[in-house]
Structures are given as structure tokens and as C-alpha cells.
Amino acid sequence: MTATTPGSATGAAGAHETYDVVIIGAGPVGENVADRVVQGGLTAAIVERELVGGECSYWACMPTKALLRDAAAVRAARALPAAGRAVSGELDVDAVLRRRDRFASGWNDAGQVGWLEGAGITLVRGNGRIAGSRSVTVTHADGTITVLAARHAVVIATGTSAQVPPIPGLAEVKPWTSRDAAAVRTVPERLAIIGGGVVGSEMATAFSALGSRVTVISQTRMLPGVETFAGEHVATALEAAGVTLHLEAEATAARRDAAGAVHLTMGDGGVVTADEVLVATGRTPNTKDLGLDHLGLAAGGWLAVDESLAVVDEAGMPVDGGWLYAAGDVNARALLTHHGKYQARALGDAIAARARGDRPDLSAWGRHAVTADERAVTQVVFTDPEVAAVGLSAETAAAAGIEVRIADYDLGAVAGASLHADGYRGQARMVIDAERNVLVGFTAVGPDVAELLHAATIAVTAEIPLERLWHAVPAYPTISEIWLRLLETDGRDH
């Protein structure tokens with residue numbers, strides 16, 4: 001297929017430019033869509049009102065893991081007698097923050113802009129809004145407007161923002177969101193975190209290690225999105241690190257006093273006092289100012305999509321003939337950067353295939369399908385201990401009507417784990433579809449279990465029969481021997 005070139009014209013309303021594909025949002029999802037369509041021979045323009053690279057690059061994945069990594073390394077060293085004696089003193093907080101700054105590129109997107117230019121993708125800075133069929137208007141910082149027309153598709157990849165719960169007085173105390181926590185310049189002496197999910201758990205781990213006295217307030221157990229045993233391991237470790245947990249509890253009011261302290265009134269009448277409060281209670285889609293009303297869609301809501309990621313109306317039909325797509329967090333399929341990028345690769349290739357006149361393969365596990373969003377969502381929670389999970393939990397598998405078989409094993413009893421750290425504590429679980437005898441879910445909790453995850457992901461996505469998994473021999477002595485122990489446990493249990 002021969003690449004088509006962008007056209008441009010200037011009129012009273014400003015510049016008019018035409019591309020094969022226009023993407024709104026230059027985070028990792030938008031970048032990957034653009035890259036794949038350009039590799040497929042099409043032209044692409046990407047619109048961004050903030051930093052190219054998006055939330056993950058500057059306020060989430062990279063900087064937050066940089067905040068966590070030094071403490072994890074110290075913990076790993078102290079879990080060994082000789083190495084532990086070689087580690088003395090406390091974390092150098094300023095050094096941790098400087099390293100975090102490097103991973104956030106100093107909140108400067110020049111490197112990402114350079115990548116776009118090298119990939120042949122046009123960057124249009126400003127606020128993009130749907131103006132009509134295959135049309136996007138971009139309002140620039142100086143108030144001028146550029147109109148972008150798309151020959152084939154418009155893709156919304158605008159992501160999400162932190163949701164602030166409607167607690168009386170909370171907005172007035174100016175709480176931190178995940179962005180503030182990721183970009184912190186001064187570590188508070190006392191930090192209260194509202195929310196016990198992934199962000200709340202990771203930031204409790206990070207700020208406790210950096211010297212804050214942390215209190216977590218959660219309406220649920222810790223990490224309600226993973227297996228209960230994993231959340232319990234994390235809760236136990238947080239408490240051992242000095243974090244105060246108020247689980248299945250809620251804050252009902254907030255105020256900041258004249259000295260600057262925040263006071264959170266609890267449902268039981270108690271009060272939690274902190275210097276800052278971080279809200280980590282979920283995300284809301286960035287769709288309020290996208291011009292969705294021009295297409296009969298409500299502003300501010302999640303964008304429903306079909307199996308091709310085309311945006312659909314309330315009746316489940318593609319909007320305005322099927323040229324509008326949504327990828328990443330904004331479609332609520334799997335609010336994880338790596339799954340958004342997975343969607344982006346599939347969608348970009350599918351758009352290019354349609355432009356060639358080919359029919360995309362949207363069958364289960366097909367080249368352009370996003371089946372993993374439904375059957376093999378992967379996640380690592382970078383707490384201490386880490387949690388690694390893929391696919392279905394025991395609870396969600398049973399709720400889906402699968403005849404479930406469970407195999408659990410103590411990770412600390414594996415030879416590789418005992419070598420890895422003295423007093424290693426952890427657990428692993430296989431969730432098995434008993435009828436098909438294949439793995440549909442895997443969860444592990446323990447120090448440094450993240451690298452176990454991809455083997456489990458391959459087993460789930462390939463739907464490998466357990467009879468074949470017996471032939472995947474784990475090297476001894478590694479923590480991966482957990483696979484053999486889980487298979488042996490399952491064999492004994494049925």
C-alpha cells in the first residue's frame with residue numbers, strides 16, 4: 001500500500017490538514033496507535049494538550065516505581081545476613097527523588113517528541129475536540145485553531161484522571177492525587193491515604209519507606225481486585241512497616257486547620273490527622289471536553305466499544321458508521337498501561353488492514369483481537385511483597401460459570417525462595433478450568449514475584465493443557481519451581 005500524504009489549507013477558521021488517522025491523546029496508547037498505522041503505510045497526526053508520553057511517563061508507572069525501587073533493593077539486601085550487615089543507615093530521600101526525576105525526564109517531553117518525529121508522526125499541540133464526522137478541531141495555547149480531517153479513523157486515547165470522592169470538606173483541603181504523590185518534592189511527616197487499591201497500597205509502601213507515618217483508610221480490604229490471600233499478605237507487611245490500616249472504614253469529613261494539618265473524621269467518630277491526604281479511590285475518564293455531543297454521546301462518561309474497539313451507542317451500534325475508536329483506559333476494558341498499548345497495537349494494525357481493503361481478524365486470539373482484556377489481564381502491584389496476577393481469580397472464574405479447581409502452595413517452601421531471602425513469605429495459586437484442564441488464572445504474592453508473571457501469562461493465553469505443563473521443567477533451584485509444586489498439589493487434590 002502506498003502511503004498517502006497529509007494535505008493542508010488555510011482559511012478563516014485557521015489551518016486545515018488531512019491525515020489518514022487522527023489520534024487524540026499522546027500517551028503510550030496514542031503513541032502506539034500512531035506508530036502502528038504509520039508502519040502500515042498511513043499518515044497520522046496525534047493531538048496532545050499536556051506532555052507527550054502521558055500519565056505513565058510522568059505521573060504514574062515510571063516515577064512511582066522509581067520511588068519504590070530503592071526501598072525494595074534495601075529490603076532485599078537486609079533479607080540476607082551478610083548483605084544485610086553491609087547495608088547501614090537510612091534511605092537518602094533526596095537521592096531517591098533525584099532518580100525519580102530522571103525517570104520522569106524532568107517533566108520535559110523533548111525526548112518523546114523526538115521519537116514521534118523520527119517515527120513520521122505529526123504532533124499537534126492543543127486541546128482536541130470532535131467537530132463532526134471524521135473531523136477534529138485543535139485549539140492551541142494561543143487561541144488559534146487547526147482543523148484536522150481523518151480519511152479513515154479518529155482514535156480517542158485520552159486516558160483517565162484521579163477521582164476525588166465527595167467527602168464533605170475534602171476538596172477544600174486540596175488533597176493530593178496520584179500526580180502529586182508521584183511528583184512530590186517534600187516527603188510529609190504524616191500522610192493519610194484514602195483508598196486501599198493499587199495506588200493506595202503502592203504509595204503507602206513508598207512513603208512509609210521514605211519516612212512518612214502513613215495511615216490508610218479503605219472502604220474495602222486491601223487490594224480488593226486481587227485474590228484475598230494476596231491482599232492479606234500486603235496488609236500484614238504494611239502494618240509491620242508501621243503503616244496504620246483502617247479497613248472497611250470511611251472518612252466522612254475533612255478540614256485543614258490554621259497550622260496546616262488535615263483532620264479526617266471517621267465514620268466511627270475517630271479522627272485521623274495528617275500533614276497531607278492522598279486520594280486513591282479510582283479513576284474518571286477524560287471525556288468531558290471532547291465534543292462527543294456532536295455524535296449524540298454523553299460527555300464525561302466511559303466510552304463503550306465493540307470487539308474492534310469502535311465506539312458504540314446505547315444500542316451497541318458503531319457511532320456514525322464506525323470511524324471513531326477508543327483505546328486504553330478511556331474504554332474501561334482494562335485500566336493498565338500495558339493493556340492499553342496492547343489494544344493500540346491491535347487497533348493500529350486493524351485500521352491499516354481496513355485501509356488496504358483487508359478484513360481484520362477479530363476472532364478469539366485473532367491478530368487484531370483484544371481477547372487478553374477479557375481472559376488474561378496481567379498486573380503487578382509493586383508493594384512489599386509484590387503481587388503478580390493474570391487471568392481470573394477463583395471468585396471471578398466461579399462467577400463466570402467455570403467449574404473451578406484451585407491449587408495453592410506456600411512460596412516460602414520452594415528451594416529457590418529460601419535461597420532468595422531468609423524468612424521468605426509468600427503464596428501462589430493456580431485457578432484451573434476443571435472441564436478443559438487448562439489454567440485460567442494465576443496469582444503470586446511474595447518478594448520479587450513480578451518476574452514469575454509472564455510464564456503464567458503464556459500458559460493462560462496459550463490455553464496449555466496441564467498435562468503438557470508437566471513437561472515444562474523448572475530450573476533448580478529457582479522460585480519458578482513453584483510451577484512443579486502447584487502441579488503436584490493439583491495432582492494430589494483430585
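The residues of the chain are indexed from 1 along the displayed sequence.
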Any carboxylate oxygen within less than 4.0 angstrom of a Lys/Arg side-chain nitrogen, looking at Arg367 and Asp349? yes
I'd like to know if Arg213 and Asp275 make a salt bridge, using a cut-off of under 4.0 Å between side-chain N and carboxylate O. no
Salt bridge or not for Arg125 and Asp109, using N-O below 4.0 Å? yes
Mind checking the CG-CG spacing from Asn108 to Leu51? Nearest 0.5 Å is all I need. 8.0 Å
So, Ser161 and Arg179: side-chain donor and acceptor under 3.5 Å apart, yes or no? no
Whether the side chain of Thr396 engages the backbone of Leu392 through a donor-acceptor N/O pair (distance < 3.5 Å, no angle test) should be reported. no
Rounded distance [0.5 Å steps], OG in Ser105 versus CD in Gln112: 6.5 Å
Quick one, His368 and Ile351 - any side-chain contact, counting heavy atoms below 4.5 Å? no
Close side-chain approach of Leu297 to Ile130, heavy-atom, < 4.5 Å: no
Testing Thr160, Val305, Thr287, Val311 for side chain to side chain contact (heavy atoms under 4.5 Å, CB included) with Val330, which one passes? Thr287
What's the separation between atom SG in Cys56 and atom CD in Glu31, rounded to the nearest 0.5 Å? 10.0 Å
Minimum side-chain heavy-atom gap Val184-Leu210 below 4.5 Å: no
Test: Lys65 and Glu202 ion pair at under 4.0 Å: yes
Does a side-chain heavy-atom distance below 4.5 Å link Asp35 with Trp115? yes
Within a strict 4.5 Å, meaning less than it, do heavy atoms of the Val449 and Ile479 side chains meet? no
Do Glu232 and Arg221 sit within salt-bridge range, that is, some charged N less than 4.0 Å from a carboxylate O? no
Will you find, in the side chains of Thr205 and Asp384, an N or O donor that is under 3.5 Å from an N or O acceptor? no
Distance in Å, Thr281 OG1 paired with Glu250 CD, rounded so as to fall on 0.5 Å steps: 12.0 Å
Heavy-atom check, side chain of Val96 versus side chain of Arg100, under 4.5 Å: no
Using a strict 4.0 Å threshold on nitrogen-to-oxygen distance, state whether Glu276 and Arg256 make a salt bridge. yes
Are the charged groups of Arg75 and Asp448 less than 4.0 angstrom apart, N to O? yes
With the side chain counted from C-beta on, respond yes when Arg69 and Phe103 share a heavy-atom pair under 4.5 Å apart, and no when they do not. no
Partner of Tyr342 by side chain to side chain contact (heavy atoms under 4.5 Å, CB included), out of Asp373, Val377, Leu336: Asp373
